[in-house]
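Take a look at the structure set out below.
Convention: sequence-line order gives letters A, B, ...; per-chain numbering from 1.
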Amino acid sequence: FHPDAEGAGGESFSVAIPPPNVTGALHMGHALNGSMQDALVRMNRMRGRKALWTLGTDHAGIATQAVVEKELRTEGKTRQELGREAFVERVWAWKDEYGSRIVEQYKRLGASCDYERERFTLDEGYVKAVYRVFKQLFDKGYIYRDNYMVNWDPGSHSAISDLEVENREVEDTLYSIDYPVEGSDRVLTVATVRPETMLADTAVAVNPDDERYADLVGQHCVLPLVGRRLPVIADEHVDPEFGTGALKITPGHDPNDFEIGRVHGLEEIGAIGPDGRMTEEAGERFAGLTAAEAQGAVVAALREEGRLRAEEPYVHSVPFSHRSGERIEPLISLQWFCRMDELAKPAIEAVERDEVRITPPQWKRVYLEWMREIRPWCVSRQLWWGHRIPVWYCDACQETIVAEQAPERCGACDGPLRQEEDVLDTWFSSAIWPFATLGWPDDTPELRSFYPTSFLTTAREILFLWVARMIMTGIEFAGDVPFRDVYVHSVIQARDGRRMSKSLGTGIDPLEEIDRHGADALRFGLLAMSSTQDVRYSDAKVQQGRDLANKLWNASRLILLNADGPKTETYPRKSAHRPQPSRPEDRWILSRLERTIGSVTAKLESYDFAHATTEAYSFFWSELCDWYLEIVKPRLYEQEEEVSATLLWALERVLALLHPIMPFVTEEIWRYHPANNGHLAIHSFPEADESLIDPEAEARVGEGIELTQRLRAWRDLVEAPAATVLPARADGGEPQEFVGRLARFEFVADGGDPIAAVGPVKVLASAEIDGEAVRSRLEARREELRSEVARAEGKLSNEKFVARAPAEVVEEEREKLERYRAELEELSE
RNA sequence: GGGCGCGUAGCUCAGUGGGAGAGCGCUCGCCUCACACGCGAGAGGUCGCUGGUUCGAACCCAGCCGCGCCCACCA
């Protein structure tokens with residue numbers, strides 16, 4: 001799993017794993033995603049490509065800091081008490097102890113990652129890459145610092161990006177509050193679900209076309225409880241239909257109002273602080289209260305003053321932190337931002353031109369639409385765990401220095417420097433994962449050999465958060481797209497159709513499933529149930545995988561213990577060589593095998609894992625085991641050479657074909673195969689051999705199989721005892737040998753009058769058969785045939801059908817009619 | 001508010017213009033010397049509803065009903 005870094009990118013096959021959080025445990029999403037990546041990595045490795053699957057973990061700023069802070073709390077400590085340096089040391093200690101857990105779990109899944117090249121988003125070389133990127137973006141003028149409205153997460157005490165916010169429906173109370181108009185007895189009634197934010201109001205807005213208030217624009221209201229004069233402004237954002245058509249403007253605590261405020265040059269007041277408590281700006285009465293407490297107090301005060309016009313329940317969507325689950329507090333703060341528009345341009349073109357192909361294709365449009373309206377990215381976080389932003393301030397001369405390495409003193413005044421306290425958004429570092437893991441910014445052999453990577457599999461939820469950003473940084477910094485293909489896979493839901501989630505208790509632990517059924521079973525099951533649309537987790541599919549592993553083992557045992565003579569020598573013994581059998585059944589299985597190889601391979605290559613797995617399954621189970629092995633058992637027991645060669649060859653190819661999906665059991669069986677000359681993981685992957693495709697043998701054996709099935713069905717219908725061999729006569733040539741053996745019929749030259757006809761076979765009378773059952777069976781079949789004949793005749797007597805349907809369809813219908821008529825004729829004798 | 005997707009056998013899902021499929025479950029018969037995690041044979045579906053296009057519709061089009069997801073600054 002550790003390929004040499006040599007040669008150009010085109011000769012290799014490389015994949016960068018979506019780095020799991022160091023705090024994480026393997027969940028079903030990892031397991032599915034890992035199964036897909038491993039299937040393709042293993043297939044390409046077997047094909048002789050230099051296959052690198054880079055593994056690593058993400059430092060996951062908020063999540064990891066939260067875990068360690070929780071640990072501290074149980075000791076009665078806080079991170080503030082510990083101080084930044086000691087706290088960060090503590091997190092590293094935690095990482096050293098627990099950070100490899102998820103890596104070990106990937107091993108249990110069978111992921112063929114390069115465990116010797118494991119990376120971490122905070123390891124030394126990676127930090128260098130992050131700082132280089134920050135510096136270059138700053139120098140280009142993309143990164144800047146600004147006071148701006150951000151999503152403040154009171155849970156993690158940090159700003160978070162728009163993409164880390166989720167909206168939930170919440171029932172709040174909508175309060176209507178009267179704002180008296182200065183120098184008049186009129187009032188403007190405004191509506192709000194957050195009355196406490198009124199303390200930071202700096203205007204009231206109405207729609208410019210709203211005639212009701214036209215005369216008030218330019219006048220002032222007086223803010224109740226506070227007494228501040230608020231200008232009445234006109235702005236198109238105000239919907240005259242909503243409430244009274246008057247909107248309180250709180251630029252400090254509402255994203256909409258912030259925009260309006262900037263346009264109108266309004267004052268921005270912060271009445272709620274980063275700790276979620278009211279600030280001095282809220283006034284003496286409220287300062288220090290939590291926002292929720294303040295809400296109660298403000299409402300009570302308004303009620304007392306008679307300003308509260310109405311209260312009504314109101315359902316609307318409210319932003320919550322995806323990280324901490326707490327309600328977002330929009331507020332203005334000084335943060336670092338990254339302009340995205342310039343970076344987005346080439347990333348849009350790359351996808352438009354299919355330099356990055358997105359599968360399934362509908363996601364291409366979703367990506368493009370989002371990218372075309374991309375907004376600045378707030379990249380700073382008020383955390384301690386992460387990449388501390390490489391910016392230094394000189395308090396003496398107000399100089400700001402951005403550098404990849406810590407400068408000693410201020411370049412301008414030689415004064416002392418202090419580094420920015422904030423760290424970078426975790427996604428800032430994961431955005432450069434595909435090339436930073438390969439050693440960028442150094443020109444390493446790995447980078448030359450393995451960049452760009454071959455493909456990325458992902459759930460759609462991180463298409464914007466991660467995938468889009470990797471495309472942008474890849475083009476900007478590594479000079480090429482980070483991957484050629486993006487496959488957006490389905491989400492595996494809980495058994496009841498809900499999301500799998502820890503908080504809902506709906507998660508299914510893949511490691512428990514591995515314990516229960518084996519990693520191969522889980523991998524098979526996940527691939528079989530996956531598709532492009534969401535599916536419920538299916539225990540049955542995993543069990544199907546387990547059953548397949550078992551079947552592989554047992555069928556292999558039958559073959560390996562009997563083929564090719566007694567096994568006393570150690571392997572490698574005799575190679576499985578390409579057989580050239582003469583019997584139709586041998587040629588049949590080889591033909592079916594090669595077709596399956598071609599089809600399964602094509603499906604794996606196009607990310608159609610569900611069909612690839614089930615097709616391989618049904619070939620192996622139904623055709624190879626149920627039919628071929630049963631057909632050839634007598635020859636196999638005699639260790640006949642031709643059947644041995646055919647079976648060993650087929651087994652080798654089936655094991656190799658299935659290895660990318662079920663690596664453990666196939667590798668283990670391979671140890672016993674006489675052609676073994678090393679690990680199956682690096683054995684060659686089968687390529688469909690067209691010369692073995694044999695339509696003639698397929699047709700001939702197909703007939704035998706059909707006849708066998710009809711004979712067996714007939715036996716069941718007439719309730720013939722299972723073990724009894726029934727006498728029969730075949731007019732016009734005896735069927736293939738296996739038909740009689742597998743259906744338990746004995747063909748005799750003569751033997752009296754037939755009691756029934758099953759295709760070309762005449763069943764003869766015998767003591768075990770109930771004559772009445774035979775007669776009713778015959779009648780049932782005649783009825784079936786009469787209805788088929790009627791259906792075909794009806795179709796063919798439709799002049800329009802005959803005239804307009806394609807000739808071969810009409811011809812097919814005629815042939816069917818002939819066949820059914822002939823059989824009916826026969827049975828009517 | 002905009003966008004995407006789904007509704008097919010009891011369950012979970014394939015099938016996207018020419019006679020309805022898989023796995024599980026169910027019924028019947030089999031401990032047949034690889035496998036009972038098995039073998040053989042079956043039952044089971046007006047393909048959400050209503051219209052339309054077509055010689056022909058689960059499949060294409062329109063509308064309706066039900067469900068899910070993503071995006072979005074109406075207090």
[N] [atom2] sits how many Å from [X] [atom1], rounded?
X        : N     : atom1 : atom2 : value
A:Glu719 : B:C30 : CD    : C1'   : 14 Å
A:Glu312 : B:A75 : CD    : C1'   : 12 Å
A:Leu463 : B:C71 : CG    : C1'   : 12 Å
A:Phe619 : B:A22 : CZ    : P     : 19 Å
A:Arg744 : B:U32 : CZ    : P     : 9 Å
A:Trp621 : B:A22 : CH2   : C1'   : 14 Å
A:Phe738 : B:G40 : CZ    : C1'   : 16 Å
A:Leu636 : B:A34 : CG    : P     : 9 Å

In Watson-Crick or G-U wobble terms, both distances under 3.5 Å, what is the partner of [N]?
N     : result
B:G56 : none
B:C39 : B:G29
B:A22 : B:U12
B:U46 : none
B:G7  : B:C65
B:G1  : B:C71

Item checked: base_contact_polar (B:A72 base, A:Glu373 side chain, donor-acceptor, <3.5 Å) -> no
Notebook entry, point to check: So does A:Asp716 reach the base of B:G40 with its side chain, donor to acceptor, closer than 3.5 Å?
Noted result: yes
Note to self: Please tell me if A:Tyr175 has a side-chain N or O lying less than 4.0 Å from either OP1 or OP2 of B:A75.
What the structure shows: no
Margin query: Check this one for me: any side-chain N or O of A:Arg375 less than 4.0 Å away from OP1 or OP2 of B:C73?
Written below: yes
Using a heavy-atom cut-off of 4.0 Å across all strands, would you classify [X] as base, sugar-phosphate, or nothing?
X        : result
A:Pro806 : base
A:Asp626 : sugar-phosphate
A:Thr614 : nothing
A:Tyr314 : sugar-phosphate
A:Glu259 : nothing
A:Ala805 : base
A:Val238 : base
A:Gln709 : sugar-phosphate

Check: Which residues in residues 545-553 of chain A have at least one heavy atom lying under 4.0 Å from any atom of RNA chain B?
Finding: A:Arg546, A:Asp547, A:Asn550, A:Lys551
Checklist line | C1' gap between B:G44 and B:A20, integer Å | finding: 13 Å
Checklist line | Inter-nucleotide C1' distance (B:G17, B:C47), Å rounded | finding: 15 Å
Notebook entry, point to check: If the sugar-phosphate is the primed atoms plus P, OP1 and OP2 and the base is the rest, what is the B/S/- string for nucleotides 3-14 of chain B, using protein heavy atoms under 4.0 Å?
Noted result: SS-S-----SSS
Notebook entry, point to check: On RNA chain B, nearest-nucleotide positions of A:Val165 versus A:Leu174: which is more 5'?
Noted result: A:Val165
Check: Which comes earlier along RNA chain B counting from the 5' end, the contact point of A:Lys633 or that of A:Tyr820, where each point is its nearest nucleotide?
Finding: A:Tyr820
